[in-house]
Amino acid sequence: MPAVLDLMPYQPGKPIESLARELGLDAGKIVKLASNENPLGPSPKALATMQASLQEVARYPDGNGYLLKQKLAEKLNVAMDQITLGNGSNDVLDLIARVFLGPGRSAVFSQYAFAVYPISVQAVGAEARIAPAHDGRRGPAYGHDMTAMLDQVAENTTVIFIANPNNPTGTYVTQTELGNFLQALPERVIAVVDEAYFEYVERGDYPDSCQWLSRFPNLIVTRTFSKAYGLAGLRIGYALSNPQLADLLNRVRQPFNVNGMALAAAAAAIEDDDHLRASRNINREGMVQLEEAFERRGLNYIPSVGNFITVDIGRDGDLIFQALLREGVIVRPVANYGMPRHLRVSVGTRAENQTFIDALDCVL
Ligand SMILES: *Cc1c(COP(=O)(O)O)cnc(C)c1O
């Protein structure tokens, strides 16, 4: 498959263990702010449930995820047949590509959008159509320009990906912008609104796209337990859509794509409001800490509503990334997104953020 040979593989955040090995450092001394993970870890309730579910690993999991779907349906006020579970929301994005894309079809997404979209699109032999992002005049710089995205919709376009908020820019599309966009989009195009950071966003004009599911039959909302819920390592996420679309996605889904421990942990995690609140609080405080540190150093950053912030360090990002590694701090270079002078930094604990700031001072 020539399309697959042209694929640029996804570059994940560097694992703590591999840096520890390379530097001969104690893994406990390394600070990783590279993959937008929850610095508080998982909910203690999720951990307890996982412990209890250990005995069950000899059994296949519930391929329909009944218990989790029931809890999600109740919490989000949707029907169980509107939910598709995935091995992370990445899995769901792949299911969408497999159902709706293929050779001769195209998908639209924005410049600077999440790097998994081009991979899912190219892997099934479809064409990627990239809309230029805002330049800062008519919307937040680096953010999705919904008008430009609509302009990119061609005859053969069947899917459009909207990351809200987007990674690595942290920018978001407002309720009005998204509502107008969905209204204008031809119904034959599936609108995928990727809300991986939904639980972190604290803005009055941020849309809860769930409310629109009954109005727009071509809407799919994706969410995950990897970010605010702190379960990235378990790999579990989901899509919300109308039942017809969910039925299509579930036809191509592997029967046991989500493991039993992940199902149990996710069901416990969504009931732990205290842990989610604490996670939001530490993120809000850490974001201010990082913003202030950048401002004091005269570094421009892209205002972010997620649990990460992307900063223009005014010089080669890869070099600074490498230098930070030698200080035991892992962040994320974003040259692969066409942002060679930026670094993306996940919001950690107060102490982790400070370690990063001190290392940055040392390196700059
Ligand atoms: C992290 C992230 C995801 C979620 O990935 P999972 O597969 O659920 O771990 C999806 N979309 C965006 C934009 C992300 O940053």
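In listed order, ligands and their atoms are each counted from 1. For reference, positions follow the sequence shown, starting with 1.
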### Task
With sequence neighbours excluded, give me every ring pair (Phe, Tyr, Trp, His ring centres under 6.0 Å) pair touching residues 99-131.
Tyr112-Tyr142, Phe114-Tyr117, Tyr117-Phe161
Please output the side-chain donor-acceptor pairs of residues 182-193 that fall under 3.5 Å, not counting sequence neighbours, one pair per line with the distance.
| residue | atom | partner | partner atom | Å |
| --- | --- | --- | --- | --- |
| Gln183 | OE1 | Arg215 | NH2 | 3.4 |
| Arg188 | NH1 | Glu155 | O | 3.3 |
| Arg188 | NH1 | Thr157 | O | 3.0 |

Dump all N/O pairs between ligand 1 and the protein below 3.5 Å as a table: atom names plus distance, one pair per row.
| residue | atom | partner | partner atom | Å |
| --- | --- | --- | --- | --- |
| ligand 1 | 5 (O) | Asn90 | ND2 | 3.3 |
| ligand 1 | 7 (O) | Ser89 | N | 3.1 |
| ligand 1 | 7 (O) | Asn90 | N | 3.0 |
| ligand 1 | 7 (O) | Asn90 | ND2 | 2.7 |
| ligand 1 | 7 (O) | Arg235 | NH2 | 2.7 |
| ligand 1 | 8 (O) | Ser89 | N | 2.7 |
| ligand 1 | 8 (O) | Ser89 | OG | 2.8 |
| ligand 1 | 8 (O) | Thr224 | OG1 | 2.6 |
| ligand 1 | 8 (O) | Ser226 | OG | 3.4 |
| ligand 1 | 9 (O) | Ser226 | OG | 2.6 |
| ligand 1 | 9 (O) | Arg235 | NH1 | 2.8 |
| ligand 1 | 9 (O) | Arg235 | NH2 | 3.3 |
| ligand 1 | 11 (N) | Asp194 | OD1 | 3.2 |
| ligand 1 | 11 (N) | Asp194 | OD2 | 2.7 |
| ligand 1 | 15 (O) | Asn167 | ND2 | 2.7 |
| ligand 1 | 15 (O) | Tyr197 | OH | 2.6 |
| ligand 1 | 15 (O) | Lys227 | NZ | 3.3 |

### Summary
CG of Asn38 to NZ of Lys227, rounded to nearest 0.5 Å, is 11.5 Å
### Query
Do Asp358 and Thr355 have side-chain N/O donor and acceptor atoms under 3.5 Å apart?
no
### Query
Listed by chain and number, what are the side chain to side chain donor-acceptor pair (under 3.5 Å) partners of Gln55, not counting sequence neighbours?
none
### Message
Whether Arg129 and Glu127 form a salt bridge (side-chain N of Lys/Arg under 4.0 Å from carboxylate O of Asp/Glu) is what I want to check.
### Response
yes
